[in-house]
*Asks:* 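For reference, the structure I am asking about is given below.
Labels below follow one simple rule: chain letters A, B, ... track the order of the sequence lines, proteins then strands, and each chain is numbered from 1. Heavy atoms only: backbone and side chains are in, while hydrogens, waters and symmetry mates are out.
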Amino acid sequence: MESAAAESKAMRRAPCECRNLTLEERAAKKGAGEAAAIRCLVPRSGVTKFEDAVFGPSEIQNAEIEDFVLLRSNGLPTYQLSVVVDDIDMRITHVIRGADHLSNTPKQVLIYLGLGAAPPIFAHVPLILGADRTRLSKRHGATSVGSYVEEGFLPEAFRNFLALLGWSSGDDTEYLPTAELVRRFSLGGVSRTNAVFDRPKLEWFNTQYLSQMPIEELLPHVEGQLRMDGLWRDEWSSGDGHAWLARTVDLLRPRTRFLKDFSGWGRAFFSDEFEYEGEARAKFWKEPRLAEMLGKLADALAGLPEWNHDACDHALRELAAAEGVKAGLLINATRVAIVGRAVAPPLFDSMVALGRERVVSRLRRALPVVGGGQATTAG
RNA sequence: GGCGCCAUGGUGCAACGGUUAGCACAUCGCCCUUUCAAGGCGGUAAUACGGGUUCGAUUCCCGUUGGCGCUACCA
């Protein structure tokens, strides 16, 4: 430990003393063809001050600022010079950036002044830290915004989450769609403490947006997901097909956590090809008489004069009563038969969404499997 | 090492001299229930430490400790 510290201390570069070179010495070096970088000649006394919209007034002794490089010996400008020149050129009025730039701001102010330009308004926002409390980086598993989109996060939700890291509207409102965020934002609400990126809360925001955002805004995202998984059908683009899609997505969304859930556990609503989840089968297809009862249910449903929630409900409960079993037994078994899993929206709503044809045929298709067969794939 | 910034539950924010220290996520429990969620209700949990200032400090000042950042011919 101590030796490592001593080592880094020894390796620390000594401050450049070129400023003490006499004119003759400079001429000599230049004559010898020595490459030279151009540094900012920082006053050895006085202070440099600036006002930060978030951190307030700031003052630093010039003696603390080294003669930093402006132009490298190869002629290329450094970041410090570049940003200032570019911002002046573009007439930038507000420089809003991470607090990691706070310490370098005095240098930039010096450049503005040296160039005869008025410094812009600076606003430094707190850093976002990983769970280990160090600045967020690739090493945290993470990642670009793009990777969050790939994971199935909605841009709107991600933005809302990010906005609340280091900023608050003043009251306790947290669900703030972009338009509202824009309306409420002010630099004055920005905090000065670094924030830890809290993944669980991000996921919570995603579920909020998934289930609350206007359905027409959500649909394009769902379409994108379905296309990506090869489940999209053009008939859902307009008319009755679109209306059906909207209703179905609305049915599914309260229990989705990510966009991919629509094509994941929700797959059976968009495709006839789906599998019976092993756990669901084991749990809800135990009763030996099930195949027989589900067959009767299929027949009853096929003969129903009307196809709606209540009609399905009555038909199933009637059968359960006649067979002397609890309705739940048939409900759960039927759910697995028509959507392949235990995790799904309420049964009768699901049946309406799927339509009579599919429900009846899926029930019949499941009979041999329910009876203890080995097949696990339907369709 | 030097300089700077920051410090309220596990996490993100409120309270900008006087509140039983509030909200959300997470967590635990209960209700609801047709699976899984959602939702509703409730619980556990915080002012880093030490000095001041003040009738009164989470809040203002100083110190300590801790964290982070900058300290490159990186950006």
*Asks:* Rounded to whole angstrom, note down the P distance from A46(B) over to G22(B).
*Replies:* 12 Å

*Asks:* For residues 112-122 of chain A, tabulate all N or O donor-acceptor pairs below 3.5 Å that involve a side-chain atom, not counting sequence neighbours.
*Replies:*
none

*Asks:* Distances under 3.5 Å between protein N/O atoms and the N/O atoms of nucleotides 63-69 of chain B, please, pair by pair.
*Replies:*
unit_1 : atom_1 : unit_2    : atom_2 : d
C68(B) : O2'    : Asn194(A) : OD1    : 3.2
G69(B) : O2'    : Asp100(A) : O      : 3.4
G69(B) : N2     : Ser103(A) : OG     : 3.4

*Asks:* With sequence neighbours excluded, tell me which residues meet ring pair (Phe, Tyr, Trp, His ring centres under 6.0 Å) with Phe270(A).
*Replies:*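 With neighbours one apart ignored, the set is Trp236(A).
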
*Asks:* Can you tell me how far C1' in U33(B) sits from the matching atom in A37(B), rounded to whole Å?
*Replies:*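 Going atom to atom, C1' in each nucleotide, I get 11 Å.
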
*Asks:* Using Watson-Crick pairs (N1 to N3, plus N6-O4 or O6-N4) and G-U wobble pairs, both distances under 3.5 Å, which stems of at least 3 pairs involve RNA chain B?
*Replies:* B:1-7 with B:65-71, B:10-13 with B:22-25, B:27-31 with B:39-43, B:48-52 with B:60-64

*Asks:* What does nucleotides 25-31 of chain B look like as a protein-contact string, B for base, S for sugar-phosphate only, - for none, at under 4.0 angstrom between heavy atoms?
*Replies:* S------

*Asks:* Would Glu151(A) and Arg199(A) pass as an ion pair if we require N to O under 4.0 Å?
*Replies:* yes

*Asks:* Does Arg255(A) get its side chain close enough to the base of C36(B), under 3.5 Å, for a donor-acceptor pair?
*Replies:*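 Yes, a donor-acceptor pair under 3.5 Å.
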
*Asks:* List for me each residue that meets salt bridge (Lys or Arg N to Asp or Glu O under 4.0 Å) alongside Arg97(A), sequence neighbours excluded, and say none if there are none.
*Replies:* none

*Asks:* Distance check needed: A24(B) C1' versus Phe205(A) CZ, whole Å only.
*Replies:*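 After rounding, the reported distance stands at 8 Å.
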
*Asks:* Could you state the atom-to-atom distance from NZ of Lys107(A) to P of A75(B) in whole Å?
*Replies:* 12 Å

*Asks:* For Arg341(A) and A37(B), what is the distance between atoms CZ and P respectively, to the nearest whole Å?
*Replies:*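 Distance check: Arg341(A) CZ to A37(B) P gives 13 Å.
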
*Asks:* With sequence neighbours excluded, what pairs up with Trp167(A) under the ring pair (Phe, Tyr, Trp, His ring centres under 6.0 Å) test?
*Replies:* Phe185(A)

*Asks:* Of all residues at least two apart in sequence or in a different chain, which pass the salt bridge (Lys or Arg N to Asp or Glu O under 4.0 Å) check with Arg267(A)?
*Replies:* none

*Asks:* Hey, does the side-chain of Thr78(A) have a donor or acceptor N/O within less than 3.5 Å of a partner on the base of C73(B)?
*Replies:*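 No, no donor-acceptor pair under 3.5 Å.
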
*Asks:* Salt bridge (Lys or Arg N to Asp or Glu O under 4.0 Å): which pairs involve residues 155-172 of chain A, sequence neighbours left out?
*Replies:* Glu156(A)-Arg159(A), Asp171(A)-Arg184(A)

*Asks:* Who pairs with Tyr209(A) by ring pair (Phe, Tyr, Trp, His ring centres under 6.0 Å), at least two apart in sequence or on another chain?
*Replies:* Tyr175(A)

*Asks:* Of the candidate nucleotides U71(B), C73(B), U34(B), which contains the atom at the shortest distance from the side chain of Arg39(A)?
*Replies:* C73(B)

*Asks:* According to salt bridge (Lys or Arg N to Asp or Glu O under 4.0 Å), does anything in residues 328-353 of chain A pair up with another residue at least two apart or in another chain? List the pairs.
*Replies:*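 As it turns out, the salt bridge (Lys or Arg N to Asp or Glu O under 4.0 Å) pairs with a partner in residues 328-353 of chain A, which skip direct neighbours, are Glu277(A)-Arg341(A).
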
*Asks:* When Leu252(A) is tested against each of Ser211(A), Pro345(A), Ser350(A) for side chain to side chain contact (heavy atoms under 4.5 Å, CB included), which residue passes?
*Replies:*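 Exactly one candidate clears the test, Pro345(A).
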
*Asks:* When the distance from CZ of Phe258(A) to P of A37(B) is rounded to whole Å, what number comes out?
*Replies:*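 Phe258(A) atom CZ is separated from A37(B) atom P by 14 Å.
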
*Asks:* Please state whether the phosphate of A14(B), meaning OP1 or OP2, lies under 4.0 angstrom from any side-chain nitrogen or oxygen of Ser168(A).
*Replies:* yes

*Asks:* Taking for each residue the nucleotide of RNA chain B with the nearest heavy atom, is it Glu64(A) or Asp172(A) whose nucleotide lies nearer the 5' end?
*Replies:* Glu64(A)

*Asks:* Of all residues at least two apart in sequence or in a different chain, which pass the ring pair (Phe, Tyr, Trp, His ring centres under 6.0 Å) check with His101(A)?
*Replies:* Tyr79(A)

